[in-house]
There are 2 protein chains.
Amino acid sequence: MSATPDLLRAAGVKVTPGRVRVLAALLAAAQPLSHADLEAQLPDADRVTLYRVLDSLVACGLALKAVDARGVFRFSASATQREHGGHVHFRCTDCGGVFCLKTSPPPPPKLPRGFRLGAVEMDVHGTCAQCARRTP
Amino acid sequence: MSATPDLLRAAGVKVTPGRVRVLAALLAAAQPLSHADLEAQLPDADRVTLYRVLDSLVACGLALKAVDARGVFRFSASATQREHGGHVHFRCTDCGGVFCLKTSPPPPPKLPRGFRLGAVEMDVHGTCAQCARRTP
DNA sequence: TTGCAAATGCAACACTGTTGCAAATATTGG
DNA sequence: CCAATATTTGCAACAGTGTTGCATTTGCAA
């Protein structure tokens, strides 16, 4: 089913164990992963190789690179990203879970002249049903 | 015309040469400045003190802290933008600048049964006019 | 003026990411 | 299947950014 090596071949890069494992981890992840996250998840991988694998996945279009609020790069599989674009998420501040909402994304706001819109994201957070039940 | 020391006094923090110079630099800057920018601009300031001065300005509401595309923190004076609740912000992914939009915040979305809403934030990002002009 | 909490300067450290280079390896063509 | 070759890997060392601990200095108020 999920043939990670095929994705790599289709992207025109060599299929190596490192790339397979990293891409698989990105595809399985619910949220974008930092280098540190991946290092913890793949303990026997070399630090530098991990950086280079991530860069190569970004270069061939299989992964996306973005900066989080702490200034750390986070990577996500671009397939996953497409799947989760176009709708709103709810993040539970208790358990950290992410849930997809039916709500459609808000309309792009009017920007001052010269500004270029990249994306509009809505960050809805609070307590999910399960956590709310546990702490009434 | 408000003198920089007065802004500091009004914010309830001690008036020190470091804070006065850094805040003046931020007020005079057209774009958010990084720690490195400020260090170059104020050569006889201590590196660590500069970090702490910036943090204190953020803590007392006189400056805003954001991350640029390279993952570096950039700081801007917020003297003119005191009210940051109740309206939407635009974040420039190039320079890290934060701009206030006229748009009103989106209505809270409908949540699944049992979910408790904490807060809704809208993250509108892209390229600001100045950065867009630099990279056409 | 004096006392005290806050701010500063310095050294050392931690985290994130990069570069150079030799050894190992995936792919291509015989 | 095997050899040739361009990539990739692993290691060491380095660079940039931000933080912590601690002794000293300084702003501010009693």
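Every chain is numbered from 1 and lettered A, B, ... according to where its sequence line falls, protein lines coming before strand lines.
For A:T16 and D:dT9, the shortest distance from a side-chain N or O to OP1 or OP2 is below 4.0 Å.
The CG atom of B:L38 sits 13 Å away from the P atom of D:dT17 (whole-angstrom rounding). In this structure, B:E39 places its CD atom 13 Å from C1' of C:dG9, rounding to the nearest Å. Atom CG of A:D46 and atom P of C:dC21 are 18 Å apart (whole Å). Look at CG on B:D37: it is 15 Å from C1' on D:dG18, rounded to the nearest Å. Summarising the geometry, the separation between CG on A:D55 and P on C:dT18 is reported as 6 Å, rounded to the nearest angstrom. Per the geometry, CZ belonging to B:R21 stands 10 Å off P belonging to C:dT8, to the nearest Å. Put simply, CG on B:L50 is 14 Å from P on C:dC10, counting in whole angstrom units.
Residue contacts for B:T49: at a heavy-atom cut-off of 4.0 Å it reaches a base atom on one of the strands shown. Using a 4.0 Å heavy-atom criterion, one finds that A:V13 contacts no nucleic acid atom at all. Residue A:R52 is classed as a base contact, given a heavy-atom separation below 4.0 Å to a base.
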Check residues 51-60 of chain A and write down every donor-acceptor pair under 3.5 Å in which the side-chain atom is one partner and the other belongs to a residue at least two apart or another chain.
| residue | atom | partner | partner atom | Å |
| --- | --- | --- | --- | --- |
| A:S56 | OG | A:R19 | NH1 | 2.7 |
| A:S56 | OG | A:V53 | O | 2.8 |

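The nucleotide whose nearest atom lies closest to any side-chain atom of B:R19 is, among D:dT9, C:dA7, C:dT18, C:dA7. With D:dC11, C:dA26, C:dA5 as the candidates, the nucleotide lying closest to the side chain of A:K14 is C:dA26.
For the side chain to side chain contact (heavy atoms under 4.5 Å, CB included) with A:D46, the lone residue among A:V48, A:D44, A:L50 that qualifies is A:V48.
Between the side chain of A:S78 and the backbone N or O of A:L62, at least one donor-acceptor pair lies under 3.5 Å.
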Output one line per pair: protein atom, nucleotide atom from nucleotides 14-17 of chain C, and distance, for all N/O pairs under 3.5 Å.
| residue | atom | partner | partner atom | Å |
| --- | --- | --- | --- | --- |
| C:dG17 | OP1 | A:F73 | N | 3.0 |
| C:dG17 | OP2 | A:Y51 | OH | 3.3 |
| C:dG17 | N7 | A:R47 | NH2 | 3.0 |
| C:dG17 | O6 | A:R47 | NH2 | 2.8 |

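Judged purely by distance below 3.5 Å, without hydrogens or angles, the side chains of B:D37 and B:H35 never pair a donor atom with an acceptor atom.
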Could you walk me through whether A:L42 and A:V22 pass the side chain to side chain contact (heavy atoms under 4.5 Å, CB included) test, one step at a time?
CA-CA 8 Å; A:L42 310 169; A:V22 171; 3.9 Å; yes
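The partner of C:dA7, taking Watson-Crick or G-U wobble pairs whose two distances both stay under 3.5 Å, is D:dT24.
Between A:F115 atom CZ and B:Q130 atom CD the span is 9.0 Å, to the nearest 0.5 Å.
Cation-pi geometry between A:K65 and A:F73 is met: under 6.0 angstrom from the ring centre, within 45 degrees of the axis.
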